[in-house]
Every structure is written in structure tokens, then in C-alpha cells.
Amino acid sequence: MSTQEKSLTDKIWEVFSSMKLGLALLGIIALASAIGTFIPQISLEPEKAKTVGALWQTLGFTDLYAAWWFHLLLGLLGVNLVICSLQRFQGIYAKTFHQKAARTLTELPGQARAELKGNSVRLAQVITETLVQKHYHLVRDEWETGWSFTAVKHRWGYWGSLITHISFVILLAGALVGTLLGFKGYFMAGAGSTVPLKQIELSRGKVSQTFNVKINSAEDRMLANGERDNWYTDLSILEGDKEVARQTLSVNHPFTYEGVTFYQASFAHGAALTADIKGQKIPVVLQDQGGNFFQAPGTDLYLVVAAMKNDVQNPVILYQVYQGYGFKLVQSGQLKKGESVMINDAYQVTLDGYSGFTGLQVKEDPGVSLIWLGSLLLLIGLMLSFYWRPVVISGIYNGGETGGKLVLGASGKSKSLLAEEFGQFTDKLKNSAAN
Amino acid sequence: MNPGLENLETSMYYLMFAAYLLSMFSYWVWAAFKSELMGKLATALAIVGFAANTAAIVVRILIVQRPPLTNGYEFLVTFCWGILAVYLFAEFRYRLKALGVFVLPVAFLLLAYIAMKMGPEERVAQAIPPALKSQWLTFHVITAILAYGAFAVAFGLGLMYLLKHKFELLKKSDGLMTRFPALDTLDELAYRVVGFAFPLLSLCIITGAIWANYAWGTYWSWDPKETWSLITWLIYAGYLHARLMYGWKGKRAAWMAVFGFAAVLFTFFGVNYFLPGLHTYA
Ligand code: HEM
């Protein structure tokens, strides 16, 4: 029984440590990702995605990058990478830190070979000088009738692929943390309004923070040449009524408070109005094109700004009033700055002026730091893999003080680099041996 | 805007176009008739084209006062620059003139695409939306250009490998083939070029993620362009591993280098013209 069990674990381990599985996974993930760009995705084209066959929808093809099986594939790749790295760690560690001098000819690296005769002491001296000068890490061994050495240049390069692999696991972990914890949401608000963070519309996760966001101003600024400079939002963070932070943000210049980051995402025009309901004055900001409505307390009247002239100095709005569940149009008209009008004999509104509407993306993602860590390690790993390639040169000398034979072997990932290094090295030895 | 500079830019564009076209033909004539003179002319024309290409980019920078990397026209002209930069380096470093036979057409076709498909309004310097005003974008596109340029060169090497392989099988000793380096050398060179480009493509994707995180609050949104750059990345990762594992050197590796470049082109053209997404303005 127990031997069978062991062989099963062994088998699983074997499968997961194989590069064959890794290659297959890379291929399948690439293929699946490609399919996702041809089938309409809910996140990009919600309407079109609904027209895709029901079977495909059930299998998750219209939300492919969030589908359980896609995540499973990524998970398998992660497991593959972890096991493969565990398996290779010791070998790489030994190669870097416990390099041994070759003892027999079969141990010599075999990509390039050379042989020469010479004086033992002289050769040993030149080898040491040359290799140390070229930043090789050198280990030596000696016995009665001879000696040997192994030298490695760029030995940190051995870690390249391992670091690259681990970095990818960290990236996956970062993405997982981001999906499980944190939230993502969006809100649009006019200047002057205060939005409790708990009430914004979320596309993922839950908000645990209790603070409010006050929009002090929202501006669409132009440059002198008529091009758009940027959208700016001046916002305050309120804990209760108390302002605890204040910042101006714009596209590409987000603002973070307690792990929650606000991004300027969009901008719309709107109007600032005051509703006067039996002496009670309520400030109202309404977005152009009916982006939002105002329902006066105690009424079933919905006030919207159907259109407006976006003149910051002299705004003019076309307002409409709808009533009841049927949204019957009961009143409409134009309003200039400073003008007032009675709405269905229930209350009075006054147009105070123009107001910008800012659209903010709000996100808490505790996984982001893992993503940046993984990215950094990925780059370090790749640099080591491709720009820091190890070269090993090793040799064994056998025979007496003079006239013994030195056999050299070398290997390296890059053939041309190896040929160059080894060629220079053997030339130098031959020259000095001839002297 | 300065009309003098704009005229200069247009002249440089046409000079580059003509030089690359003539250079391409010269490489072909050189290959077909073994004329050393044509070979020298081909390289000289490629250098002239590259100089004009550089000038066109510099003048565009002077006109728009920002890196010229924000619309399709600017990107293609810079892409050609990347291809020629990596190619000319390879020609001089490895004495690989035959590579020009395959790489110059790639650059020329990209420019021909601009000339045929893009109207003048797509070519003029445009105002950029606030999201594109970021230093990260500059890094993002510069790394993309060098990586894509190198992948184009690996593509050329892959084609050379496949052709030479075919001819050796048929035991034909065509004149052109004798000018190609040995199969092993071609294979090794393609590997080195991909090894140079792969970290750059990774850096391109990472800087893109950093930028997206600043601009939209998501470092990765599976937008088709992002997804295709990831697919390209996975294909080249596959190339690197297949070589190590099955000893998929040679023919199959050469096919993967060709295939990988097809993915590069799709990432640029296919995504912009066939698929929806955030990047459609970039
Ligand atoms: C996102 C996925 C992966 C990336 C980006 C990646 C990256 C790399 C890189 C850059 C190298 C160095 C290649 C070279 O020097 O030519 C490498 C080598 C290697 N990779 Fe991966 N890899 C990935 C997945 C995997 C998987 C799933 C396995 C499976 C176990 C694997 C196993 C190996 C092995 C065994 C080597 C050989 C190292 C050597 O001989 O130096 N890789 N990888």
C-alpha cells in the first residue's frame, strides 16, 4: 500500500516538475487568452456578450479572464513553477556557492576543448592571473601528480531563470490578493457634493472604510492653444464632518488615502441649483444630459437637466420635470443664471451657476505591491538570464613539473560568448607556455 | 506650429521611404546576381534611410514637443527605426548582409501601409488626451519599439534558416544560400536576438501596467491589446523553453520565431483594426 501511495505522490510531483507540462500550460493559456479577444467579453461589450450562445456563456467564455477554469490554468502554472523551482534550487545553489574543481576528464565541461603542454607552475600562475583579472570565480584542487581548477564568470546568471519563475508566482499571488481583498468602484459627483464611500457603486469587493468624500471643485482646464490640459478634482476626505485630508487630482495623478486610491476617470458638465422647499434651502447639482435627477423630499417629482450651454460665466439650462412611476413629463423650460422657477407648484429652484461633474474611479488593491515586487524580480531574473550568461572554464593538469599535459574544457549558454572567452584564454596560455 | 519644420518632416518621410525601397531592391539584386557593388549600395541606402528616419522622428519631436509615440503614424515610423537600428547593428556586428533581403521588406511594407492606408489627417500631429500625458508611456513605447524591431530581425533570421534548410534538403547549391551563414549560426543568432528582446518586451508590458495603474487604477484589464502583448510574450517564452527542453532548435525554433513575429504584427495592426478596446487611440 504505502509504496503505491508514494509512487502516486512521486508521479504527481514528477508531472508538476516537468517542463513539458509548463510548455503545454503556456500554450493553452496563450490560446485561451486569444479566444477571449475574439468572443465579446462582458467587461468590454456587455450587450454583444449577451448575444453569444448560452452554452458558451455558461462555460464562461464571455467572461473568460474571470472564468474558474482560466484561473485554474493560471493556478496550475503557478504550482508547476513552484515545484520546478524547488526541484532546481539545490542544484543552482551548489553551482553558485559550492563549485568543485573537476577531478576527472569526464567532469570537464564539454562544449569546447583544448589541450596544451607546459610548465606546471607557470601555467597555474597564468591561469590564476588571467581568470581573476577577468572576474572569474576560481576554485582549485591539487594532488601529487597534478592539479585542477574550475572557474565561473557571471555565476549569478544561474539564478536568472529561477528568479524569473518565482517572480511570476508572485505576480499571480498579487493578482489573487487583489481579487480576494480590496474593492473597485466608481462614482460621479458634482462640485460641492459629499459622497459617503460606502455608497459608491462597486464592480468588485466591499468597502470597509467609513469616510466621506467631498468634491470641492471639478474643472475641465484648457491650454492657451485650445487643447485640453487635464481634468482636475479638488477633494477632501471627511471623517464624520472633520476634514482629514485634501488633495487635487487629475488624470495620471491619482491620490491615495488609507489604501484607497482615487483616479480621475471622466468629466461631465452640470449645473448648480438651489431648491427652496417651503423655506428650506437644499443645494442640488445636476449633470448635463440627464446624468442624474433630483427628487424633492415629499414629492414624486424628478428634476433633470436635459441640456445645457456649457458657458462657465453664463450657463443656460433646459430643465425637465417628470412625475410618478410612469415618468410623465409634466414641465420643462429654460433657466438662465440667477433665474428661478416654480416646479409644479411644489417648490422653487434657482440656477446658481455652472458646476463641473467629476467621474472618479476608486480602488483598494492590497495586491498591487506584490505586483510591483514581482515585476521588479521579473526584470532582474530576465537580465540575469540573458545579459549575464555564465561561462565555465575548467582544466586538469597531469604530469611532472614540466612537460605535463593540461586539458581544458568550457561551456556556456551563449556559444559565441563562450568561443570568444575560451579562445582568448587558450591563446594567452599558449603564448605564455611558449615563453 | 511651424510650417518649415512640417515641410522638413514630410521631405524626410519621403526620403526615408525612397531610400528603404531602393535599398530593398538593391539587397535583392545583390542576392540574385552576387554583385558586390549592389551590396555596398544596399547598405548605403539603408543607412541613408535610417538617417532620414531619425531626422523625421527628431523633427516630429520638435514640432509636437513630446515623444512622437502617440498615434499610429508616429508609432510605425518609430517601429521602422527600431527594426533598422537592430538590423544595421546585426549587419555590422555579424556580417549578415543577407538578412537585409528579408528585413528591409518588413520596414518598407510598414511604411507602404502608412502611405496607402492612412489619410493625411491621421498623420498630422494631434492633441493627446490627458491619459497619454505620462513619462511611463515614453518608456512603454520605446521598449516596445526596440523589442519589436529585434523580433522583426529574429523573424528574418528564422526565414533564412527555413530557406537554407529547404535548399539543403533538396541538395541545391543556389548562389544566394551560400551567402547565408551556417544553419547553426542562424539558429544561435535568432536565439540571441530573442534573448535581447524578451526582457525588453517584459519591460514594455510592465511599464504599460504601471501607466495604466496611474491612469485608470488598474494595472491589468485584459484589454485586447494587453492580452495580445501577453500572448506574444507567452509565445516567445515558449520559444525559449522549447529550445531548452526538446532541443527544439533549428527548424521548429525558426518557425516559432516567424510565428512570434506574426503575433507582434497582430498585436499592433489586428488589435487596432479588428478588436475593440482602450488602446484604439494609441
Ligand atoms: C510565465 C512563465 C515562464 C517564464 C516567463 C519563464 C521564463 C524563463 C526564462 C527567461 C528562462 C531562461 C531561458 C534561457 O536562458 O534561454 C527559463 C528557463 C527555464 N524554465 Fe521557465 N519560464 C516560465 C515557465 C516555466 C515553467 C512552467 C516551467 C516548468 C517547470 C519552466 C521551466 C524552466 C526550466 C527548466 C528552465 C531551464 C533553465 C536553465 O536551463 O537554465 N519555466 N524560463
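All values below come from the heavy atoms of this structure, side chains included, with hydrogens, waters and symmetry mates left out. Numbers restart at 1 for each chain; the letters A, B, ... are given by sequence-line order, proteins then strands.
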Original post:
Yes or no on side-chain contact (heavy atoms from CB on, under 4.5 Å) for B/W222 and A/L64, after CA distance, side-chain angles and deciding distance?
Top reply: CA-CA 10 Å; B/W222 293 105; A/L64 196 146; over 6 Å; no

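Residues A/G174 and B/Y219 come closest through the heavy atom pair O-OH, 4.1 Å. Looking at every heavy atom in both residues, A/Y387 comes nearest to B/G195 through CE2-O, 4.1 Å.
Heavy atoms of other residues, nucleotides or ligands lying less than 6.0 angstrom from NZ of B/K97 number more than 12. Atom OH of B/Y94 sits in a crowded spot, with more than 12 heavy atoms from other residues, nucleotides or ligands closer than 6.0 Å. Other residues, nucleotides and ligands place more than 12 heavy atoms under 6.0 Å from the CH2 atom of A/W372. Annotation: A/Q87, atom CD; neighbour count of heavy atoms from other residues, nucleotides and ligands within 6.0 Å is above 12.
Between A/F168 and B/W233, the angle of the ring planes stays under 30°, which puts this pair in the parallel group of the 30/60° scheme.
Residue B/T227 holds its OG1 atom at 12.5 Å from CD1 of A/I35, rounded to the nearest 0.5 Å. To the nearest 0.5 Å, atoms OG (B/S202) and CG (A/L382) are separated by 4.5 Å. Note that CD1 of A/I28 and CG of B/L234 are 12.0 Å apart. Values are rounded to the nearest 0.5 Å. Distance check: B/I210 CD1 to A/S375 OG gives 6.5 Å after rounding to the nearest 0.5 Å. Within the model, atoms OG of A/S161 and NE2 of B/H241 stand 7.5 Å from one another, a figure rounded to the nearest 0.5 Å. B/L230 contributes atom CG, which lies 8.5 Å from atom CD1 of A/I29 (distance to the nearest 0.5 angstrom).
A donor-acceptor pair is defined here as one N or O able to donate and one able to accept, closer than 3.5 Å; no such pair exists between the side chain of A/Y65 and the backbone of B/S221.
Between chain B and the residues A/D365, A/I371, A/T261, the largest count of heavy-atom pairs under 4.5 Å involves A/I371. Note on B/W220, B/F198, B/F196: by heavy-atom pairs under 4.5 Å with chain A, the leading option is B/F196. Among B/N213, B/T232, B/T218, the residue making the largest number of heavy-atom pairs under 4.5 Å with chain A is B/N213.
With a 4.5 Å cut-off on non-hydrogen atoms, A/Q41 does not touch chain B at all. Of the two parts of A/F262, neither the backbone nor the side chain holds a non-hydrogen atom closer than 4.5 Å to a non-hydrogen atom of chain B. Contacts of B/I235 with chain A are absent, with no heavy-atom separation under 4.5 Å from either backbone or side chain. For A/L26, the parts lying near chain B are the backbone and the side chain together; criterion is any non-hydrogen pair under 4.5 Å. Proximity to chain A is absent for every atom of B/T185, based on heavy atoms less than 4.5 angstrom apart. Of the two parts of A/A265, neither the backbone nor the side chain holds a non-hydrogen atom closer than 4.5 Å to a non-hydrogen atom of chain B.
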